[in-house]
Colleague: 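Questions regarding the structure given below will be posed in turn.
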Amino acid sequence: MKEKIRKFFAILSIEFDDIRDGLVMLLDSSEERFRKHEITGYVWTENSALMKREEKLLEIIQKRVEQLNPDDYETLEEAVEAVRKIVRGMSGIPQAVPEFIEKRMSKVLRYMNNEM
């Protein structure tokens, strides 16, 4: 079970990187649309501020999750709940961030259940 928990945390870390990469691509796309005058400066400023905030929060959450010790958990469910507790402990977090994380954890769990 410990190896399964280690694998969960390792794959989840990769998923965090992927979410953040997606946000960077959205930021780049939004900036390009602003330069082409497809969106206003106000929209670009608001969107980019929100995406930068989400990216920073994801980075903080990822670092906290990476500090979790897989040996501290007896089951995969306990490890998942530890991640959820970190997310719930963040104040003022945009609603999209917990949803991103929850979807990615579900994806990792489906993969692991199919693999094992």
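In this text the structure is predicted, and so the values were computed from the model without any measurement.
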Colleague: Answer yes or no: is there a side-chain heavy-atom contact under 4.5 Å between F8 and M105?
Modeller: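 When only atoms from C-beta onward are counted, M105 and F8 do touch, with a gap below 4.5 Å.
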Colleague: Consider only side-chain heavy atoms of I, L, V, M, F, W and Y, link residues closer than 4.5 Å, and tell whether I60 and V65 are in one cluster.
Modeller: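 Yes, I60 and V65 fall within the same hydrophobic cluster.
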Colleague: Could you tell me the separation between the CD1 atom of I39 and the CH2 atom of W44, rounded to the nearest 0.5 Å?
Modeller: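 So the CD1 of I39 and the CH2 of W44 are separated by 8.5 Å.
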Colleague: Strictly by salt bridge (charged side-chain N to carboxylate O under 4.0 Å, His left out), give each pair with a member in residues 45-54 just once, sequence neighbours left out.
Modeller: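 For residues 45-54, and leaving out neighbouring residues, there are no salt bridge (charged side-chain N to carboxylate O under 4.0 Å, His left out) pairs at all.
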Colleague: Step by step, would you call K56 with E59 a salt bridge (charged side-chain N to carboxylate O under 4.0 Å, His left out)?
Modeller: CA-CA 5 Å; K56 186 63 179 170; E59 180 184 341; 3.7 Å; yes
Colleague: Quick one: OG on S13 to CZ on R104, what's the gap to the nearest 0.5 Å?
Modeller: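 Those atoms lie 12.5 Å apart.
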Colleague: I need the L23 CG to M51 CE distance, nearest 0.5 Å.
Modeller: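 Answer rounded to 0.5 Å: 7.5 Å.
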Colleague: Do L12 and Y111 land in one hydrophobic cluster if side-chain heavy atoms of ILVMFWY residues count as linked below 4.5 Å?
Modeller: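 Yes; Y111 is reachable from L12 via cluster members.
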Colleague: Could you check whether any side-chain heavy atom of D71 comes within less than 4.5 Å of a side-chain heavy atom of R6, counting everything from C-beta outward?
Modeller: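 Yes, side chains in contact.
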Colleague: For residues E78 and D72, report the shortest heavy-atom separation together with the two atoms involved.
Modeller: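 Smallest heavy-atom distance, with atoms named: OE1-O, 4.4 Å.
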Colleague: Identify the heavy atoms of L76 and M1 that sit nearest to each other, and give their distance.
Modeller: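 It is N-SD, 3.9 Å.
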Colleague: About how many Å separate CG of L58 and CD of E15, when rounded to the nearest 0.5 Å?
Modeller: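 Answer rounded to 0.5 Å: 12.0 Å.
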Colleague: So, does K2 use its side chain to make a donor-acceptor pair with the main chain of Y73 at under 3.5 Å?
Modeller: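 Side chain of K2 to backbone of Y73, a donor-acceptor pair under 3.5 Å: yes, one is there.
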Colleague: Which heavy-atom pair separates M112 from I11 by the least distance, and what is that distance?
Modeller: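 The pair with the smallest heavy-atom distance is CG-CD1, 4.4 Å.
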Colleague: Would you say R64 has more than 12 foreign heavy atoms packed within less than 6.0 Å of its CZ?
Modeller: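 Not more than 12 within 6.0 Å, no.
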Colleague: What do the steps show when you test F16 against I101 for side chain to side chain contact (heavy atoms under 4.5 Å, CB included), and what is the final call?
Modeller: CA-CA 8 Å; F16 276 117; I101 295 169; 3.7 Å; yes
Colleague: Which heavy atom of T45 sits nearest a heavy atom of S48, and at what distance?
Modeller: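 Taking T45 first and S48 second, the nearest heavy atoms are O-OG, 3.2 Å.
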Colleague: Using a 3.5 Å cut-off and no angle test, enumerate the donor-acceptor pairs between side-chain atoms of residues 82-99 and protein atoms at least two apart in sequence or in another chain.
Modeller:
from, atom 1, to, atom 2, distance (Å)
R84, NE, E102, OE1, 3.1
R84, NE, E102, OE2, 3.2
R84, NH2, E102, OE2, 2.6
R88, NH1, E81, OE2, 3.3
R88, NH2, E81, OE2, 2.6
Q95, NE2, E99, OE2, 3.0

Colleague: How far does CD1 of I14 sit from CZ of F9, to the nearest 0.5 angstrom?
Modeller: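 So the gap between those two atoms works out to 14.0 Å.
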Colleague: Starting at CG of L57, measure out to CD of Q62 and round the result to the nearest 0.5 Å.
Modeller: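 The distance works out to 13.0 Å.
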